[in-house]
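Convention: sequence-line order gives letters A, B, ...; per-chain numbering from 1.
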Amino acid sequence: MMRGRGRVVVVVVRERPCIPLRFFSSLALLAGPSSPSRRSSGGGYYDAPTTNCNASSAAAENAKVIDNFIDHCYRGDLPRAMKALDTMQQRNIFAHSLAYSHLISCCAARRAIEHGRSIHRHVFSPGYRPKTFLLNHLLNMYVKFRLLPEAQALFDQMPRRNVISWTTMISAYAAASSPPLQRRALDLLILMLRDGVCPNMFTFSSVLRACHELQLLTQIHCSIIKVGLESDVYVRSALIDVYSRWGEMSSALCVFGEMVTRDQVVWNSIIGGFAQNSDGDPALHLYIRMKRAGFQADQSTLTSVLRACTSLALLELGRQLHVHVLKYDQDLILNNALLDMYCKCGSFKDSDSIFSRMVDKDVISWSTMIMGLAQNGFSRRALELFKAMAVSKIKPNHITILGVLFACSHAGLVDDGRYYFRSMKKLYGIDPGREHYGCMVDLLGRAGRLDEAVELIHKMECEPDAVTWRALLGACRVHRNMDLAAYAAKQIIKHDPDDAGTYILLSNIYANSQRWDEITEVRNAMRHKGVKKEPGCSWIEVNKCVHAFILGDKSHPQIIAIRRELKQIIHRLKEMGYVPDANFVLQDLEEEQMEDSLLYHSEKLAMAFGIMALSSGKTIRIRKNLRICGDCHDFAKLLAKMESRSIVIRDPIRYHHFEDGHCSCGDYW
DNA sequence: ATAGGGTTAG
């Protein structure tokens with residue numbers, strides 16, 4: 001009830017139309033072409049009914065047809081409604097917009113596009129003026145069928161377009177897969193403004209995903225604030241999402257932080273944003289805050305949180321989440337995320353059993369497993385799985401092939417690799433991209449065929465980039481080809497002048513051959529350019545806590561005990577024949593003492609802590625930010641044997657499963 | 001009465 005100036009106004013709010021559809025049929029009786037004069041002028045308008053009540057028998061017949069039609073529409077009986085529509089078309093009689101709109105929704109739901117097109121033709125017959133509301137329904141139908149050209153043609157034909165018509169088109173283009181089509185969404189927004197139609201929250205939440213320039217996004221964000229629509233949750237979550245895609249997490253957080261009424265999707269947007277930017281820590285913290293705020297994780301939340309676990313290698317937390325995943329056991333995306341989590345946390349047994357139980361598998365499920373097997377050192381099994389995929393009739397894509405080539409390169413399977421590389425275009429219609437060439441350079445280079453690797457680079461259809469040359473440089477290191485290494489390093493620096501890794505790799509190569517002058521040169525170049533080496537860092541999860549170890553950093557509360565433990569381990573390992581390999585000392589240019597430097601490589605500290613803190617049967621799982629050095633690799637093999645326990649170390653490229661003095665990589669990495 | 005946001009493999 002509203003009170004104003006002494007008057008009482010009763011406001012009745014209803015969610016559904018309060019007029020039953022039947023009522024329209026009786027109105028349609030009045031609307032029928034009952035008088036000869038109306039019939040000759042081209043049929044009846046429901047929307048401008050005559051008041052002629054002398055119903056002739058023809059009119060009564062027409063009314064019956066319309067009545068039936070509306071009845072079928074209302075009941076969702078598509079075949080009967082279409083039959084009635086046919087008769088109406090022949091008699092040139094029409095029903096009310098609402099009945100047609102019902103029928104159009106039916107067509108969209110039942111995937112009956114031809115019926116939809118018939119309705120389209122019918123409402124454009126001479127003698128009928130379809131309302132904008134009805135045409136919006138048709139527009140939406142074409143969009144649902146992804147028939148953009150037809151939607152556009154109808155849109156162009158419309159005598160009047162309201163904000164919904166514009167938004168339907170903008171949303172359709174923004175959701176398209178190709179950037180040129182997405183740009184069309186932005187063009188339409190401008191045309192809409194020129195036409196004097198005001199965008200609303202629906203329009204903005206749709207158009208945001210089409211922003212391919214940061215500047216444009218900022219402009220649109222400004223307009224949103226200006227017209228006072230930033231408070232809408234749909235607009236907010238879209239803003240968070242687009243800022244995240246640009247890696248602009250501070251802006252995303254800003255939009256998120258200002259919110260008072262956050263809903264589930266807004267939480268998902270910000271959590272997903274961090275997860276996709278490989279920033280697992282804030283993603284997990286926000287997840288905890290979301291739960292505290294009283295929200296339950298849904299599929300989307302869980303997928304993102306799993307991804308955060310994946311990037312942080314948090315197996316135990318991942319396992320806990322698995323329990324929540326069980327209630328969505330048919331969700332393909334979620335299952336894929338789970339597969340990847342177990343693969344990348346080095347627990348391949350778990351992903352294997354999930355994969356075999358999954359009813360639906362798509363190209364991502366298969367690719368995840370193939371890459372997972374390859375990275376974990378099970379190359380033969382990766383190739384077998386690829387063959388099983390062919391039987392399953394799921395077509396591989398360029399990422400699947402990348403996994404296959406990765407498997408070949410990390411197991412030294414030169415012939416297999418060459419076969420798959422040659423046949424990818426022929427068998428699967430996939431053109432090799434830079435990444436595929438990179439894999440092949442890696443494959444040939446590691447196998448010692450440096451000349452062939454260089455030849456392949458020169459034959460590339462696309463311009464080689466830093467990744468390509470980095471693959472060659474890595475191979476030069478293994479095979480100690482100094483001159484080629486220097487050449488490759490220069491090419492990398494040309495593409496990526498601030499790449500600390502290249503300087504380090506180059507200095508390692510020189511260190512392996514005791515070329516001290518060159519090392520000094522590289523070091524000076526780094527100093528000159530102000531390039532800083534990323535310090536080695538390792539992480540280990542113990543009792544739901546992540547412990548970080550950084551080279552040279554003594555901030556861990558138990559660091560003294562850990563160093564003592566590590567010294568004891570080294571002492572015992574030396575008795576077993578372990579000889580620290582001084583070649584690797586020099587990668588830590590700034591360290592004071594060689595012995596110390598090697599001793600305190602972060603993964604060694606993490607392993608020592610794992611021995612101290614984890615119960616004896618437990619696998620020690622470590623994630624590190626740099627590739628493992630040969631000395632730590634030897635150390636881990638012997639430690640696994642001495643302690644009779646498994647050690648898994650994940651570096652940025654692949655996994656090392658150490659067991660009984662051996663590593664799954666076969667010392668080939 | 002018709003239009004809108006978040007989730008997976010390199």
- Contacts of A:S353 meeting side chain to side chain contact (heavy atoms under 4.5 Å, CB included) (sequence neighbours excluded), chain-then-number -> A:R357

Considering only [options], which nucleotide approaches the side chain of [X] most closely?
X	options	result
A:F133	B:dT2, B:dG4, B:dA9	B:dT2
A:N140	B:dT2, B:dG5, B:dA9	B:dT2
A:Q299	B:dT7, B:dT8, B:dG10	B:dT7
A:E435	B:dG10, B:dG4, B:dA3	B:dG10
A:S300	B:dG5, B:dG10, B:dT7	B:dT7
A:S206	B:dG5, B:dG4, B:dA3	B:dG4
A:R209	B:dA9, B:dG4, B:dG5	B:dG5
A:T303	B:dG4, B:dT7, B:dG5	B:dT7
A:S367	B:dA9, B:dG4, B:dT2	B:dA9

Listing, residues 244-251 of chain A side-chain donor-acceptor contacts under 3.5 Å, not counting sequence neighbours, or none:
| residue | atom | partner | partner atom | Å |
| --- | --- | --- | --- | --- |
| A:S244 | OG | A:I240 | O | 2.7 |
| A:R245 | NH2 | A:D241 | OD2 | 3.3 |

- A:F256 and A:W267: aromatic ring centres closer than 6.0 Å? yes

- Message: If you take the centroid of each ring, where Trp contributes its six-membered ring, are A:Y420 and A:F386 closer together than 6.0 Å?
- Response: yes

Side chains of residues 396-404 of chain A: which donor-acceptor pairs under 3.5 Å do they make with residues two or more places apart or in other chains?
| residue | atom | partner | partner atom | Å |
| --- | --- | --- | --- | --- |
| A:N397 | OD1 | A:I399 | N | 3.0 |
| A:N397 | OD1 | A:T400 | N | 3.1 |
| A:N397 | OD1 | A:T400 | OG1 | 3.0 |
| A:T400 | OG1 | A:S367 | OG | 2.9 |
| A:T400 | OG1 | A:N397 | N | 3.0 |
| A:T400 | OG1 | A:N397 | O | 3.4 |

Distance-only donor-acceptor hits, side chain of residues 142-159 of chain A, under 3.5 Å, sequence neighbours excluded:
| residue | atom | partner | partner atom | Å |
| --- | --- | --- | --- | --- |
| A:Y142 | OH | A:H120 | ND1 | 2.7 |
| A:E150 | OE1 | A:R117 | NE | 2.7 |
| A:E150 | OE1 | A:R117 | NH2 | 3.4 |
| A:E150 | OE2 | A:R117 | NH2 | 2.8 |
| A:Q152 | OE1 | A:Y173 | OH | 2.6 |
| A:Q152 | NE2 | A:D156 | OD1 | 2.9 |

- A:S379: what forms a side-chain hydrogen bond (donor to acceptor under 3.5 Å, both in side chains) with it, not counting sequence neighbours? none

- Message: Any residue in residues 335-358 of chain A with a heavy atom nearer than 4.0 angstrom to DNA chain B? Just list them by number, or reply none.
- Response: A:N336, A:D340, A:K344

- Message: Regarding A:M371, tell me which of base, sugar-phosphate or nothing describes its non-hydrogen contacts under 4.0 Å with the strands shown.
- Response: sugar-phosphate

- Provide, to the nearest angstrom, the distance between the CG atom belonging to A:D360 and the C1' atom belonging to B:dT7. 16 Å

- Can you check the A:L135 CG to B:dA1 P distance for me, whole Å? 18 Å

- Do A:N397 side-chain and B:dA9 base share a donor-acceptor contact under 3.5 Å? yes

